[in-house]
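Scroll down for the structure; my scribbles are underneath it.
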Number of protein chains: 2
Amino acid sequence: MPETASRPTLEAVAARAGVSRATVSRVVNGGNGVRKPLAERVRRAVEELGYVPNQAARSLVTKRNDAVAVIIAEPETRIFADPYFGLQLRGISKELTAHDTQLVLLLTEGRDDYARVGRYLAGGHVDGALVFSLHLDDPLPGMIQRAGVPTVFGGRPGWSDGTHKVVYVDSDNRGGAREAVRHLVGLGRTRIGHITGALDQTSAVDRLDGYRDVMGDADPRLVVESDFTPAGGERAMRTLLDRCPDLDAVFAANDLTASGALRVLRERGLRVPEDVAVVGFDDMLPVAEQTEPPLTTVRQNIEEMGRLMARLLLRGLDRDASGETVDDLPHSVVLPTTLVRRASA
Amino acid sequence: MPETASRPTLEAVAARAGVSRATVSRVVNGGNGVRKPLAERVRRAVEELGYVPNQAARSLVTKRNDAVAVIIAEPETRIFADPYFGLQLRGISKELTAHDTQLVLLLTEGRDDYARVGRYLAGGHVDGALVFSLHLDDPLPGMIQRAGVPTVFGGRPGWSDGTHKVVYVDSDNRGGAREAVRHLVGLGRTRIGHITGALDQTSAVDRLDGYRDVMGDADPRLVVESDFTPAGGERAMRTLLDRCPDLDAVFAANDLTASGALRVLRERGLRVPEDVAVVGFDDMLPVAEQTEPPLTTVRQNIEEMGRLMARLLLRGLDRDASGETVDDLPHSVVLPTTLVRRASA
DNA sequence: ATGAAAGCGCTAACAC
DNA sequence: GTGTTAGCGCTTTCAT
């Protein structure tokens, strides 16, 4: 398309307002140190010409991009079956928008993509990065660290080289798991099983730890490793039932897993919650509210996590700019979870 | 952060390779018209210095951004409860990545955001836009058209000024609906109800039209307007049942709605599919596979839609660059759907 | 085939 | 306060 008659430049506005480019620039960037009437004249010229600053030219001199990358590395399609992804993005987007910062989305799946992302980051296209690091052996955090791009992680990364300080925002997976299991205990349950998530993700490990915090050294057969999927949940539930027929409750690592477990329970003719109480994790609405019976589960404030990630990153960037001391580095944040009671436990 | 020792420039590479900046530029951009050995020397210098072109500087002169905006306007949180959003993005991302184009995500919710998006687009930050236009009265398409940014829509926009040609990618909602209803008819059902989606979205209208294509002027009480939500589905199902107790099948505008309907059916002691067969739309996995019974539904290839949107846009941009005639403008595409049979019908 | 030089549109010293 | 000026890093004629 004939890029509709190239847009007006600073120069044009300056001419129209009868001032210098510098003055226009000042006005456009906040207008400090420009006398009222002059500024007004400039603003009118801007208005009339429909002037919009050229970001490329600006970046070239300021060395800022006013853009941050959001990197979502998820080889599996799991994350895309997950509405949380969208909520998280929404939270991030809101915060970035409020700071006139653009969101560049980088989705990866596979090694080649990693190289590409590495190059992009190293290319200085963005001022910072927000990364969802989902697997323990993920090379991404290392690459990012090396690229020297300020970063905030979503979920505690299962990675640390001890020297660099990583900043992350996470839900209190362990605490939430404890609350879930305690709830079950409060219901009088004693044979409480746990279906874990994929243990190469810290969230799964933390939830397992929370379970153990409450159950101590309970019968180890009560814990079955799974993978956060409904099918995995079904399999694990069968195993659990075969191993421990006297089971009276299950804490599943997430709602998807729980839904699979519920199906097996129903299939075996066990009543929920009468025979076996079930608690999930996530409060993934389309799932948790639709199961039969609806799921008691641990809710995390996903959107808030996203917002916080963005806020921490932006604060870090501002700090850079204003040259504060390193001690002001933003700290990681762990958000509380809440138990949502429905019919399953 | 002390932006880790500012990155090497073209100049530096040129010096190291003992050539001019122009030559390095040529090599970096494909290397046409540069003799082999020289090019090789330059490439080595690039490698050694870890040179990455400064996109801002490049954009400044080329007037291309190698970035496109993805605009998702969804006032409701509905879209975020919807995994399709992610799939769509994945498709888009794959295609853009293959063309070295960045994805700038613009999420909007509310009028102020619209102005912001308008400004952004007018600012020439991106070469094109991919827009999910979900509501009939959405002002976004108009704004975009005015900004003169090449655009491809996701889903047929319920908007047209007759003069501008809009390019979109959509699923064959009408055809899919027809197939769903025909399937029900093939099952011997005669009293087939329809719970519509939000009728300010073309997808809902098209699905209703598909239903009517098959059912003709059936009892109008068989159609109940709803809103794509589970709660809406419940309400609509109750209405439907009260109005037409002899109902023997329901085609719901999407899976979420269907899941609500299923719940009401169960609550009323009606068996699915024996008493009432149910078909949904979307094949939203976490829902369709988890309902009791699992949902027969119409699947759309969401990821492919995304990929196609990006492809059409990029093709359009290339066309601009190569100055082909207007007749080569990409055309809209409607993707076929497929009926997925599960237990509910 | 390669190099020299002229900007792209903007900001930030520095003068006045 | 406001204007002048010197680049930011790159591509792209235009010479050679």
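Remember, predicted model here, so these are calculated numbers, not experimental data.
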If only side-chain N and O atoms of [X] are considered, is one of them under 4.0 Å from the OP1 or OP2 phosphate oxygen of [N]?
X      : N       : value
T23(B) : dG3(C)  : yes
R35(A) : dT2(D)  : yes
R58(B) : dT11(D) : yes
K63(A) : dG9(D)  : yes
T9(B)  : dG9(D)  : no
T62(B) : dT11(D) : no
S20(B) : dA4(C)  : no
N54(A) : dC8(C)  : no

Next item on the list: Verify, without hydrogens or angle tests, whether S93(A) (side chain) and L89(A) (backbone) share a donor-acceptor contact under 3.5 angstrom.
Entry: no
Notebook entry, point to check: Among the nucleotides dC8(C), dT2(C), dG7(C), which one has an atom lying closest to any side-chain atom of R21(B)?
Noted result: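 The nucleotide sitting nearest to the side chain is dG7(C).
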Next item on the list: Give a yes or no on whether a donor-acceptor pair under 3.5 Å exists between the nucleobase atoms of dG9(C), that is its base, and the side chain of R7(A).
Entry: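 Answer is no: no donor-acceptor pair is held.
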Item checked: Short N-O contact, R43(A) and E40(A), less than 4.0 angstrom -> yes
